[in-house]
Amino acid sequence: VEQERGRRHGKLEELASHLKRLECVALNNSSYLDKNLRVHALWSAVRALSSSALVSQVRKPFREELCILRHITSAREDPVVMAALESLESSDVPDVGVEPFADLASWFSSNVAPKVVHVALVPDQNAGVLSYLASQLFSGLRFRRQGLVAGNDVLSMVARAKYYLNEKDLDSAARKLNQLGGAAKLLLHDWLEAARRRLEVEQALEVVQAQATLASLLVV
């Protein structure tokens, strides 16, 4: 009887050990699934915001998509993500949207660049009417520059900006044009502001996407 009781006790202990291991596996699986779901929710919200703010062919508000992303658990727990999103939320950009890249490129090439070229020879200070007339006359006679030409003059800067826009590099184009002054800078003001708003959104989303990628890699 004692031996039988001992065997049963041993089997019970073995069964209890198996149950403990199963419980650990279940808890680990539950934790893994929970992390996966949270990362998936983060990526879904990021894609929705990117689609509305940057991929859309027309300018549209994205405040709602931004709020949804901010309230995702994974986003709230990441200070880097929250800092990036707060920089957007505190501005009016989510309420008005940003210009599509194609519109910015077209706007610059067909409207802004020709006007800037016409004032290429206008001095930055003390420019009179004659300076504008002379610049418009002589700038049209100068050789049109294309590509990554050297030089810090207006025509060279415009040529490099067009090159970068053709390469879909808005950041480099805006940086070059932002270095101009005088009449050229005044004509560029609205375009540069529109480019800056789009770049702010792009950079914020790049930060969020990098953090989401890191979160995905940490799910083990």
Side-chain angles (χ1 to χ4, degrees), residues 34-109 111-113 116 157-158 160-181 184-219:
D34 181 59
K35 290 178 181 178
N36 254 322
L37 288 172
R38 289 166 65 177
V39 170
H40 177 72
L42 176 60
W43 270 115
S44 295
V46 170
R47 292 189 185 101
L49 176 55
S50 179
S51 177
S52 180
L54 300 177
V55 181
S56 174
Q57 298 302 305
V58 295
R59 187 177 70 180
K60 57 189 295 189
F62 55 90
R63 175 73 67 180
E64 181 178 349
E65 290 83 358
L66 177 61
C67 288
I68 291 173
L69 177 54
R70 272 181 53 82
H71 287 86
I72 296 293
T73 302
S74 297
R76 291 203 313 268
E77 294 177 350
D78 190 326
V80 176
V81 170
M82 291 305 290
L85 297 180
E86 283 170 3
S87 68
L88 289 180
E89 191 173 43
S90 61
S91 70
D92 65 343
V93 175
D95 299 315
V96 296
V98 297
E99 298 293 338
F101 176 83
D103 288 0
L104 283 171
S106 175
W107 178 13
F108 179 78
S109 297
N111 187 276
V112 178
V116 172
M157 290 289 201
V158 169
R160 291 204 292 276
K162 285 183 176 180
Y163 171 84
Y164 286 126
L165 288 175
N166 286 335
E167 296 295 315
K168 301 190 184 311
D169 186 354
L170 179 61
D171 183 50
S172 294
R175 286 177 184 274
K176 291 298 178 186
L177 295 172
N178 198 45
Q179 297 175 31
L180 295 176
K185 188 63 170 286
L186 291 175
L187 291 172
L188 284 164
H189 178 269
D190 290 347
W191 187 90
L192 283 173
E193 280 297 302
R196 178 188 60 78
R197 289 193 293 268
R198 181 177 178 85
L199 287 169
E200 285 179 354
V201 177
E202 287 182 355
Q203 289 162 4
L205 279 176
E206 284 175 2
V207 170
V208 177
Q209 288 170 348
Q211 292 301 108
T213 299
L214 179 60
S216 299
L217 296 173
L218 293 175
V219 176

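As a basis for the values below, the full set of heavy atoms in this structure was taken, side chains included, without hydrogen atoms, waters or symmetry mates.
Using a 4.0 Å cut-off between charged nitrogen and carboxylate oxygen, Arg197 and Glu200 do not count as a salt-bridge pair. We find that Glu77 and Arg38 are joined by a salt bridge, their nearest charged nitrogen and carboxylate oxygen being less than 4.0 Å apart. Ion pair Arg198/Glu99 not flagged as a salt bridge, since none of the NZ, NE, NH1 or NH2 atoms sits closer than 4.0 Å to an Asp/Glu carboxylate oxygen.
Taking the side chain as every heavy atom from C-beta outward, Phe108 and Lys162 approach each other to under 4.5 Å. Side-chain contact between Asp171 and Gln203 is present, with heavy atoms from C-beta onward closer than 4.5 Å. Side-chain contact between Val112 and Leu177: absent, with no pair of heavy atoms (C-beta onward) separated by less than 4.5 Å. Side-chain contact check for Phe62 versus Leu69: every heavy-atom pair is 4.5 Å or farther apart. Proximity of Tyr163 to Asn166: side-chain heavy atoms (C-beta onward) are nowhere separated by under 4.5 Å. Two residues are said to be in side-chain contact when any heavy atoms from C-beta on lie closer than 4.5 Å; Trp107 and Asp190 meet this criterion. By the 4.5 Å heavy-atom criterion applied to side chains, Arg76 and Val81 are not counted as neighbours.
With rounding to the nearest 0.5 angstrom, the CG atom of Leu187 is 9.5 Å from the CG atom of Asn111. Here the CZ atom belonging to Arg160 is positioned 5.0 Å from the NZ atom belonging to Lys176, to the nearest 0.5 angstrom. Here the straight-line distance linking atom CG of Leu42 with atom CG of Asp78 works out to 8.0 Å at 0.5 Å rounding.
Listed for the Ser106 side chain is no donor-acceptor partner under 3.5 Å among the backbone atoms of Asp103. With hydrogens and angles ignored, the 3.5 Å screen pairs a side-chain donor or acceptor of Arg63 with a backbone N or O of Glu89. Looking at Ser52, its side chain never comes within 3.5 Å of a backbone N or O of Leu49 through a donor-acceptor pair. In this structure, the side chain of Ser172 does not engage the main chain of Asp169 through any donor-acceptor pair within 3.5 Å. Formation of a donor-acceptor pair under 3.5 Å by the Ser50 side chain with backbone atoms of Val46 is not found in this model. A donor-acceptor pair under 3.5 Å links the side-chain atoms of Ser90 to the main chain of Glu86, judged by distance alone. Listed for the His189 side chain is no donor-acceptor partner under 3.5 Å among the backbone atoms of Lys185. At least one donor-acceptor pair under 3.5 Å links the side chain of Ser44 to the backbone N or O of His40.
The minimum heavy-atom distance between Ala41 and Ile72, with the atom names listed, is O-CD1, 4.0 Å. Of all heavy-atom pairs spanning Ala174 and Leu199, the tightest one is CB-CD1, 4.1 Å. Across all non-hydrogen atoms, the minimal contact from Leu104 to Ala194 is CD2-CB, 3.8 Å. Shortest non-hydrogen contact noted between Leu170 and Phe101 is CB-CE1, 3.9 Å. Across Ala84 and Val207, no two heavy atoms sit closer than the pair CB-CG1, 4.0 Å. What you find for Ala161 and Ala173 is that their closest heavy atoms are O-CB, 3.7 Å.
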Decide yes or no on side chain to side chain contact (heavy atoms under 4.5 Å, CB included) for Tyr164 and Arg175, but give the supporting numbers first.
CA-CA 10 Å; Tyr164 286 126; Arg175 286 177 184 274; over 6 Å; no
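The number of heavy atoms from other shown groups lying within 6.0 Å of CZ (Arg70) is above 12. Atom CD of Gln57 has 12 or fewer neighbouring heavy atoms from other residues, nucleotides or ligands inside a 6.0 Å radius.
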